[in-house]
Every structure is written in C-alpha cells, then in structure tokens.
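Working notes, beginning with the structure itself.
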Protein chains: 2
Amino acid sequence: MDENCTVYRTMGFLSKKWTLLIILELYKGGDRWKRFSEIKRSMKDITPKILSDRLRNLEEEGVIERRVDSSTVPMRSEYRLTEMGRELTEVAKDIKVWALKWKINNPACASRDCIVCVL
Amino acid sequence: MDENCTVYRTMGFLSKKWTLLIILELYKGGDRWKRFSEIKRSMKDITPKILSDRLRNLEEEGVIERRVDSSTVPMRSEYRLTEMGRELTEVAKDIKVWALKWKINNPACASRDCIVCVL
DNA sequence: CCGTATCCGACTTGATACTG
DNA sequence: CAGTATCAAGTCGGATACGG
C-alpha cells in the first residue's frame, strides 16, 4: 500500500469513530459557533474524552476552527467548520445518498429535516 | 448517537482500514473478476488475513460478489464489484477531490492515470 | 496456490472521577 | 463549563502456521 495515496491518507483521519458525525453536528449550526457542551448534548453517547480528542484533531487538520473567550467565567470554547470542513460535508452527503439507495430503509434520515444528520 | 443514522452506520463498515482501497482495487479491474492473489499482489502490505476478512465482509454487505471455480486444482476464488459497489467508488472519488484541493499536494494521484487509486 | 485459524501486541475507545 | 487523568475494555491488525 502506498502511503502517498490521497484516498488512503484522508481516510486515515476521516475514518476515526465519531469524526464525521461531529462534522455533521457543526454543519447543522451553519455559521454559528457551537460550544463543547452543546455538541456533547446533541451526540448523547460520546464521552468528553473522545469529543475533546476529535475536536483537537479536527482543528489540527484545519477542518474546524476554535475560539476561546476567556473574559467570562467560566470561559467559553466554541467551534465551527471552516470552509474546508464545509466542503467535507459533501462526502458525508454522498455516503448518505448511497446508503439510502442501497442499504438502509430510513425515511427519517432521507427527509430533509433529519434531526440526526441534516443533509 | 443514534444508531439509526445512515451516515453513522455506513461509516462503521466503510471506515475499516483497507476497505475503500480494496474497492478501488476491484474498480480498476472493471468488469473483470480478480483473484485473491492478484488483489493481494497489488496491495503489497496487506496480510492475507485482513484481505480475507475484508472480502468476506464486503460480500456480506453486497458490495462485491464472489465466485468459486472448484473444478480446477487449486480452486480459484474470484471477486468483482457489484453495481452497489461501483457506485460506492463515487464516494472515494469525492474524498480524493476534496483531499487534493485542501490537503495533499500529490500530482501523481491527481493525474488520471494514478496507479494507486485510478479515479 | 487460495485462503483460514490462532495467537498476541498495539492501538482505540469508553467509563468514571476530577479540576480550574 | 470545558475539558483532563486514569485505567479498563474492546478492537484491529500483523505473523505465522496450517488445511484444502
């Protein structure tokens, strides 16, 4: 296997558990900054550790951006997708289209207002 | 997290290491059936166990089909993508387009005759 | 030659408690 | 609130040996 393969390298980062779902969660927010606890609340089974790990990783990859307002107590950390990240949701959208066609009968997810992934 | 989420469920199966690359390897073959050893040879670092595991999993998912010719010795197992599998390569294509734009400067992979993933 | 079974270490994820 | 620390549990992947 060639480590220079674009698909291979990108999958290495994209295929981590929860990653794509976090991206979708932020995508739902549009331009709005979302706070850690808000994201966590929406994804009820993710643990803070994993969410924290993934957010840092996504920030390193340039897919999301973070801002901290330390003037308030407690301080606020907020996140949103970068342009690079928003374009990544196209991939998720394709996966969804494919899965709906071939694999899963899931009307809720197929509808435009799916509360889970909103694609 | 909702286990009924289409994206989530599909990622669970797609995100396994090597999976997408195996799909691409078969995609290169077009309609042609490919043998185990032929696939293995093309992906030089994969071990037989992993390849075997993934092929079985992909077959269960309906993404590839398998045929066995037991009239010869040794018998031959051959694989190719189903229609469902061929459509999945669109996802890989999108990942590649995205990665080339944002992440990786990889002219070999960008060209149409990339020997690794041929997308 | 085409795989499968077993074993094992490395890595990943998860549960829970805790801190500034 | 926004994480981090700790440790347990699970998963993955690789080497090797083996059977049809």
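What you see is a predicted model, and the numbers here were worked out from it, not measured in a lab. Letters A, B, ... are given to chains in the order of the sequence lines, protein chains preceding strands, and every chain is numbered from 1.
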Whole-Å distance, B:Trp33 CH2 to C:dC2 C1', equals 16 Å

Take the protein atom CG of B:Leu14 and the nucleotide atom P of D:dC12, then report the distance between them rounded to whole Å. 14 Å

For B:Arg67 and C:dC2, give me the distance from atom CZ to atom P, rounded to whole Å. 14 Å

Give a yes or no on whether a salt bridge exists between A:Arg56 and A:Glu59, defined as a side-chain N under 4.0 angstrom from a carboxylate O. no

Hey, does B:Arg76 reach any base, or is it just sugar-phosphate, or nothing, if we go heavy atoms under 4.0 Å? nothing

Separation of atom CD in B:Glu38 from atom C1' in C:dC2, rounded to whole Å: 13 Å

Establish, with yes or no, whether the OP1 or OP2 oxygen of D:dG3 is under 4.0 angstrom from a side-chain nitrogen or oxygen of A:Ser77. yes

For B:Val7 and A:Ala92 the tightest heavy-atom approach is CG2-O, 4.0 Å

Report whether A:Met43 and A:Leu58 are members of the same hydrophobic cluster (ILVMFWY, side-chain heavy atoms less than 4.5 Å apart, transitive linking). yes

A:Arg35 atom CZ is separated from D:dG3 atom C1', nearest whole Å, by 13 Å

Separation of C:dC11 atom P from A:Asn57 atom CG, nearest Å, is 16 Å

With respect to the phosphate group of C:dG3, does any side-chain polar atom (N or O) of B:Tyr79 fall under 4.0 Å of OP1 or OP2? yes

Rounding to a whole Å, what distance do you find between A:Glu78:CD and D:dC1:C1'? 12 Å

Can you give one letter per nucleotide of nucleotides 13-20 of chain C, 5' to 3': B if a protein heavy atom sits under 4.0 Å from the base, S if only from the sugar-phosphate, - if neither? BBB-----

Side-chain N or O of A:Arg56 closer than 4.0 Å to phosphate OP1/OP2 of D:dT4: yes

Between atom CZ in B:Phe13 and atom C1' in D:dC12, what is the gap in whole Å? 17 Å

Sole residue of B:Glu78, B:Met84, B:Arg80 in side-chain contact (heavy atoms from CB on, under 4.5 Å) with B:Glu65: B:Arg80

Hydrophobic cluster identity match, B:Ile23 and A:Val97, side-chain contacts under 4.5 Å: no

Can you see if the side chain of B:Arg66 gets near the phosphate of C:dG3 - specifically, an N or O under 4.0 Å from OP1 or OP2? yes

Flag the pair A:Glu38 and A:Arg41 as a salt bridge only when some basic side-chain nitrogen lies within less than 4.0 angstrom of an acidic carboxylate oxygen. no

Residue list, side chain to side chain donor-acceptor pair (under 3.5 Å) with A:Lys16, at least two apart or on another chain: none

